[in-house]
Amino acid sequence: MPTFDPTRNDQPSSRWRLSRASGVKRPHSPPHAGRRFGVSNADLSASVTVFLIAVPMSLGLAVAMDAPLAAGLVSAVIGGVVVGLLGGSPLQVSGPSAGLTVVTAELIQLYGWRTTCAITVGAGLLQILLGSLKAARSALAVSPAIVHGALAGIGVAIALAQLHIVLGGSPQNSALDNARALPAQFQHFSPAAPAIGILTITLLILWPRLPGRAGAALGRIPAALAAVALATAVAAFAAPHIARVDLPSWRAHVLPELPHGPAAALATAVFTVMLVASLESLLAAVAVDKLTAGRAAAPPGDGSAPSAPVVRSDLERELRAQGVANSLAGLLGGLPVSGGAVRSSANVRAGARSRAATVLHGVWVLLASLFLVTVLEWLPLAALAALVMMVGVQMVNIAHIRNVHRHREFPVYAATILGVLLAGVLKGVAIGIVVAVVLALHRLAHTRVTVSERDGRYAVTARGQLTFLAVPRLSRALGRLPDGADVTVELDGSFMDHAAYEAIQDWQTTQTALGGNIVITGRAGGRIAEPASAAHSCCRPWTPWRNHHCHSADAVGADTVTVVPLATAALARETPDSPTVPSTFAAERPGAHRLLSGLSSFQRTTAPLVREELARLAAEGQRPSQLFITCADSRLVTSMITASGPGDLFTVRNVGNLVPPPETAEASGGDDSVAAAIEYAVDVLEVESITVCGHSGCGAMQALLNGAPDSPRTPLWRWLRHGSPSLRRMRSRHHSWARIAGRLPTDAVEQLCLTNVVQQLEHLRAHDSVARRVAAGTLQLHGMYFHVGEAQAYLLTEGASSGTGPDEVFLRVAPHAPPEHAAPSRSGTLHGQTAGSGPGSAPWPDSGTGPGAAPGGGHCKSSRSDPLQPASDASVGA
């Protein structure tokens with residue numbers, strides 16, 4: 001096997017073409033030891049099945065296009081052999097294009113058969129060019145409603161034309177003319193052709209549904225073959241004079257000539273053939289991928305053929321192969337070629353494993369064209385027309401209609417169908433594109449703004465996308481509100497451009513200055529934080545946490561529900577059928593539903609941001625610079641409030657952020673968990689600082705404060721005894737009360753929370769490893785208090801931690817604080833600010849706290865070494 005570099009995407013193997021579907025290339029089909037092209041029994045059987053379908057369909061499409069019948073067989077051979085060998089979708093079967101039936105028939109009427117062949121050559125060359133420019137994926141970027149609408153319109157046109165042949169007549173030049181001529185055709189028809197046509201259609205419908213063991217055995221014969229064969233046999237006895245296939249001698253086969261006609265019209269014809277053939281082939285390739293994946297997922301023992309390795313199609317390669325096939329088909333006098341959904345699906349379901357099945361089917365068609373001409377001439381035209389008419393009907397897919405209706409794209413679908421029927425394929429596609437653009441602009445511009453008032457508070461709801469087109473309507477609604485009013489603005493949309501943002505921001509600034517209380521929420525009522533300023537765009541947060549709480553009564557209950565909207569949608573799609581997640585796990589346990597929602601959201605939005613960094617940390621090991629000891633309270637999100645990322649904090653969480661003194665742990669013979677973490681962080685990880693963080697409303701401090709002497713000695717109370725020194729310190733007259741800058745604590749619980757931080761720092765200093773590093777000046781200790789309701793952090797400024805020294809004061813951390821101002825000093829002040837210098841005083845000015853201020857912290861690895869020292873270039877909106 002030749003070697004190749006898996007990191008390069010432009011080096012084809014000498015043995016097979018490599019897929020670009022992933023970072024590591026894979027062959028389209030498994031290599032065969034010792035030979036380049038192997039044929040398995042499954043491929044041989046599948047090739048015969050597809051051959052039996054392809055022959056009558058190729059002849060029927062030639063009849064439908066009013067082209068030479070031999071042209072259909074030429075295209076079937078070229079589509080099978082050439083595309084089979086060169087194509088990027090190994091199991092796709094190409095041949096005469098059903099989607100081009102109407103276009104080719106019109107070209108033959110306008111320019112004649114030989115010029116139509118030249119147009120096919122030009123379309124093939126254009127396909128080769130576009131495939132070389134890697135435009136295949138771009139072709140699939142067209143709205144599915146337009147693509148399926150165009151194919152459905154072509155299908156309707158095919159069905160209308162072939163219905164005339166089934167009735168014994170001849171089709172007209174356009175779908176509209178065929179529809180108008182149907183009443184007259186129904187009045188004048190001979191019964192033989194309609195009877196054979198009805199018999200063919202009946203067999204096509206009922207053959208796969210035959211009951212019993214006999215039905216299962218007969219069902220292995222392709223329905224198309226069985227229907228045409230039985231209809232031929234019946235016609236031979238019941239209607240010997242019915243119109244049949246008339247294959248001319250190959251000596252009379254017509255080859256192309258140089259095109260003649262208006263250059264613009266010929267260029268349009270080439271582009272139309274290229275567009276329809278390419279879209280039909282690429283969509284069929286995608287469908288084959290889905291069929292192959294579904295077959296591979298089938299459980300063993302279900303009777304299906306052994307599955308081939310699932311490899312996604314190389315669409316660029318497939319488009320180039322289709323171009324080569326169309327160029328050869330045009331040169332050899334064949335019909336335009338494209339991938340066919342009917343033939344391809346039959347190939348997959350018949351158990352084909354490689355491109356050998358596709359190539360062999362072309363070989364069988366060639367042999368039949370040379371040696372079975374007499375047999376083919378027994379086929380009735382009515383049977384072939386009925387077969388092609390059913391193909392056209394099947395192109396109007398009910399599943400596609402439901403899908404476009406569900407996504408509110410049915411107007412585009414309907415407009416494309418009508419355009420194809422009334423104006424032709426290319427104009428119909430253009431009409432569909434125009435309708436899709438108009439519909440998108442309507443949705444973008446259609447924003448409904450409503451204002452309501454209740455109990456003196458106004459509610460403004462903007463439903464739809466907020467673009468510059470909606471700014472006048474939004475500004476008028478906001479301008480009618482009284483100055484200084486309390487307003488809740490609900491933005492029920494997924495997009496807001498800069499003009500709309502500035503309009504809301506300016507109005508909010510003005511209303512706030514006049515004393516109004518403005519709350520801006522999303523669809524579910526969660527507050528929306530403003531975007532970060534441009535100065536902070538160097539970093540992005542590790543977790544897209546903002547507005548992750550959305551209330552939904554369907555997920556957990558009617559009281560409080562927290563579900564990530566997109567994660568919930570992903571969970572609804574994946575959980576019931578996922579082989580890795582039990583279906584009852586989310587349905588029966590609301591907590592599990594939230595867990596899976598969060599995990600799904602992480603994998604979709606956060607994991608791509610942190611994967612590279614986590615891979616580096618996994619290889620290099622952890623080297624955190626801080627030990628962070630805090631409470632286990634669920635409201636305390638350490639990474640969010642410190643703007644830290646993976647590898648920054650070595651975190652210890654317990655009930656009450658307690659640090660048991662060494663002597664207490666030794667005397668009790670337990671409680672070594674915190675001490676072990678401290679020793680590991682200080683001696684092994686060699687952290688540079690340790691932070692003890694308390695918070696408002698701490699349940700552990702409330703329990704300590706309200707605990708009765710005769711409380712049962714449960715594990716919780718045995719742990720809380722390590723907080724007793726904090727309670728004694730608060731009640732002692734020998735210690736100053738810790739306080740927040742400029743004010744006393746609001747109540748006894750907050751006082752104990754603050755005092756507990758100071759006391760646990762005392763316990764921390766008693767540990768030998770900490771005392772040694774502090775004495776050496778290589779370790780700093782920090783005290784921190786986080787007020788949950790205010791989302792505000794406070795840092796401890798220590799004068800003395802015991803005795804009758806200066807007060808223990810927690811100073812407020814302001815946004816955009818210079819990094820040198822964040823570290824506590826040993827003199828009882830923060831640089832440039834006296835501790836507690838007045839009511840409500842803050843250590844630094846509240847710069848940047850307006851509507852555009854960043855509400856949370858981001859993460860720049862190179863910006864800082866301590867999360868308690870927030871550099872201005874490391875803060876971005878969460």
By side chain to side chain donor-acceptor pair (under 3.5 Å) - contacts of E612 (at least two apart):
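Residues passing side chain to side chain donor-acceptor pair (under 3.5 Å) with E612: none at all.
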Residues which pass side chain to side chain donor-acceptor pair (under 3.5 Å) with Q792, listed by chain and number, not counting sequence neighbours:
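By the side chain to side chain donor-acceptor pair (under 3.5 Å) rule, Q792 matches R812.
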In the structure I gave you, are the side-chain heavy atoms of [X] and [Y] within less than 4.5 Å of one another anywhere?
X	Y	value
L474	T447	no
T416	I431	no
L811	L795	no
S625	F650	no
I740	Y794	yes
N756	M701	yes
W507	S475	no
V471	L466	no

Could I get the full list of salt bridge (charged side-chain N to carboxylate O under 4.0 Å, His left out) partners for R473, not counting sequence neighbours?
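Here no residue qualifies.
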Is there a side chain to side chain contact (heavy atoms under 4.5 Å, CB included) between V460 and V487 once you walk through the steps?
CA-CA 7 Å; V460 179; V487 184; 3.9 Å; yes
Specify the closest pair of heavy atoms between [X] and [Y], including all atoms of both residues, with the distance to one decimal.
X	Y	result
L614	P646	CD2-CB, 3.5 Å
L720	L704	O-CD2, 3.5 Å
C631	G656	SG-N, 3.5 Å
C693	F628	CB-CZ, 3.7 Å
H695	C698	CE1-CA, 3.5 Å
Q626	D648	OE1-O, 3.1 Å

Which value, rounded to the nearest 0.5 Å, describes the distance between [X] atom [atom1] and [Y] atom [atom2]?
X	Y	atom1	atom2	result
Q505	I520	CD	CD1	9.0 Å
D747	L752	CG	CG	10.0 Å
E490	S452	CD	OG	9.5 Å
N403	F410	CG	CZ	13.0 Å
F786	T642	CZ	OG1	10.0 Å
T461	R463	OG1	CZ	5.5 Å

Applying the side-chain contact (heavy atoms from CB on, under 4.5 Å) test to Y413, which of V435, V404, L418 qualifies?
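Filter result, single survivor: V404.
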As a test of understanding, state which of T651, I690, L781 forms a side-chain contact (heavy atoms from CB on, under 4.5 Å) with L627.
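When T651, I690, L781 are each tested with L627, the side-chain contact (heavy atoms from CB on, under 4.5 Å) holds only for I690.
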Does [X] use its side chain to pair, donor to acceptor, with the backbone of [Y] at less than 3.5 Å?
X	Y	result
D497	F468	yes
E750	C753	no
S689	Q780	no
R653	D633	yes
Q511	P482	yes

Residue pairs fulfilling salt bridge (Lys or Arg N to Asp or Glu O under 4.0 Å) with at least one residue in residues 782-797, sequence neighbours excluded:
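Every pair satisfying salt bridge (Lys or Arg N to Asp or Glu O under 4.0 Å) with a residue in residues 782-797: there are none.
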Evaluate side chain to side chain contact (heavy atoms under 4.5 Å, CB included) for M784 paired with I641, printing each intermediate quantity in order.
CA-CA 11 Å; M784 175 179 167; I641 64 177; 3.9 Å; yes
Could you walk me through whether V749 and L705 pass side chain to side chain contact (heavy atoms under 4.5 Å, CB included), step by step?
CA-CA 7 Å; V749 175; L705 196 61; 3.9 Å; yes
Pairing residues for H498 by the ring-ring contact (aromatic ring centres under 6.0 Å, His included) criterion, not counting sequence neighbours:
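Listed in chain order: nothing, the list is empty.
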Go through the steps for V489 and T521 under the test side chain to side chain contact (heavy atoms under 4.5 Å, CB included), then give the verdict.
CA-CA 6 Å; V489 180; T521 70; over 6 Å; no
Are a donor atom and an acceptor atom from the side chains of S726 and Q760 found within less than 3.5 Å of each other?
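Present: a donor and an acceptor within the cut-off.
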Say whether Q751 and T755, considering side chains only, have a donor N or O and an acceptor N or O under 3.5 Å apart.
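The criterion, which ignores hydrogens and geometry beyond distance, is satisfied for T755 and Q751.
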side-chain contact (heavy atoms from CB on, under 4.5 Å) partners for N654, two or more places apart:
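By the side-chain contact (heavy atoms from CB on, under 4.5 Å) rule, N654 matches V652, L658, V674, W719.
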Under 6.0 Å from the CZ atom of R408, do we count more than 12 heavy atoms belonging to anything else shown?
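At most 12 heavy atoms, drawn from other residues, nucleotides or ligands, come within 6.0 Å of this atom.
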